[in-house]
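Remarks on the structure that follows.
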Amino acid sequence: MFHKGDYEVILCIKGPIHLAVEHKHFTLQRDDIIVLPPFTHFQGFDDSTEGVDFYWLHFFSRQQDHPFEDQIAPVINSLKDHNSDRPEIILPMFF
């Protein structure tokens, strides 16, 4: 699948859900959440033999995202020290 400009959030109620996101594999279990950014390719990479249950939602953002692969603590400290007129949010890709 491929979303043209929207984010997708998937909340696993019953897993496992096996997703390949841009060739990286994720297995979602109960209460796991994955956020798929716009213009990202994803697909299932394995069968879920027990059946799955999940919620998903799509949303658009007016702000440019700034992905990072850093430790979360320095990013949070930076946001606390940064005064901005623009609202900001940190949303991990998988949690």
Side-chain angles (χ1 to χ4, degrees):
M1 299 186 80
F2 183 78
H3 297 295
K4 296 180 180 177
D6 58 323
Y7 289 80
E8 181 170 352
V9 178
I10 299 171
L11 165 60
C12 181
I13 304 300
K14 179 182 175 193
I17 301 171
H18 305 285
L19 291 177
V21 181
E22 295 292 347
H23 307 292
K24 185 174 180 181
H25 288 189
F26 294 90
T27 298
L28 284 73
Q29 300 291 347
R30 181 181 175 173
D31 298 331
D32 285 342
I33 297 174
I34 191 164
V35 178
L36 305 173
F39 310 108
T40 301
H41 291 92
F42 66 100
Q43 66 184 31
F45 71 85
D46 199 1
D47 291 335
S48 296
T49 58
E50 299 295 317
V52 299
D53 196 8
F54 58 92
Y55 292 106
W56 79 96
L57 64 96
H58 294 258
F59 68 92
F60 291 90
S61 174
R62 293 182 184 171
Q63 304 296 324
Q64 172 95 21
D65 65 356
H66 301 283
F68 64 92
E69 301 216 12
D70 205 353
Q71 295 295 319
I72 193 70
V75 175
I76 291 173
N77 289 334
S78 172
L79 287 174
K80 286 180 181 178
D81 296 337
H82 178 70
N83 291 326
S84 176
D85 295 336
R86 186 180 80 199
E88 297 181 90
I89 185 171
I90 296 174
L91 190 59
M93 182 179 181
F94 184 75
F95 57 101

Task: Check: Val21 and Phe26 side chains under 4.5 Å, non-hydrogen atoms - done: yes

TODO: Hey, could you give me the SG/CD1 distance between Cys12 and Ile17, rounded to the nearest 0.5 Å?
DONE: 4.0 Å

Task: Distance (rounded to the nearest 0.5 Å) between Glu8 CD and Trp56 CH2 - done: 8.0 Å

Task: His18: partners by side chain to side chain contact (heavy atoms under 4.5 Å, CB included), with sequence neighbours left out - done: Pro16, Thr27, Phe45, Asp46, Ser48

Task: Spacing of CD belonging to Glu22 relative to CG belonging to Leu36, to within rounding of 0.5 Å - done: 10.0 Å

- [ ] Using side chain to side chain contact (heavy atoms under 4.5 Å, CB included) as the criterion, list what pairs up with Tyr55, not counting sequence neighbours.
- [x] Leu11, Ile13

Open item on the list: Working to the nearest 0.5 angstrom, can you tell me the gap between Ile10 CD1 and Phe94 CZ?
Closed with: 11.0 Å

TODO: Would you kindly confirm whether Ile34 and Phe60 end up in one hydrophobic cluster when ILVMFWY residues are joined by side chain heavy atoms under 4.5 Å apart?
DONE: no

Open item on the list: What's the separation between atom CG in Leu28 and atom NZ in Lys14, rounded to the nearest 0.5 Å?
Closed with: 15.0 Å

Task: More than 12 heavy atoms from other groups under 6.0 Å of CD on Glu50 - done: no

Open item on the list: Using the rule that Ile, Leu, Val, Met, Phe, Trp and Tyr join whenever any side-chain heavy atoms are under 4.5 Å apart, tell me whether Leu57 and Tyr7 fall into a single cluster.
Closed with: yes

Open item on the list: So for atom NE2, which belongs to His25, do other residues, nucleotides or ligands contribute more than 12 heavy atoms lying within a distance under 6.0 Å?
Closed with: yes

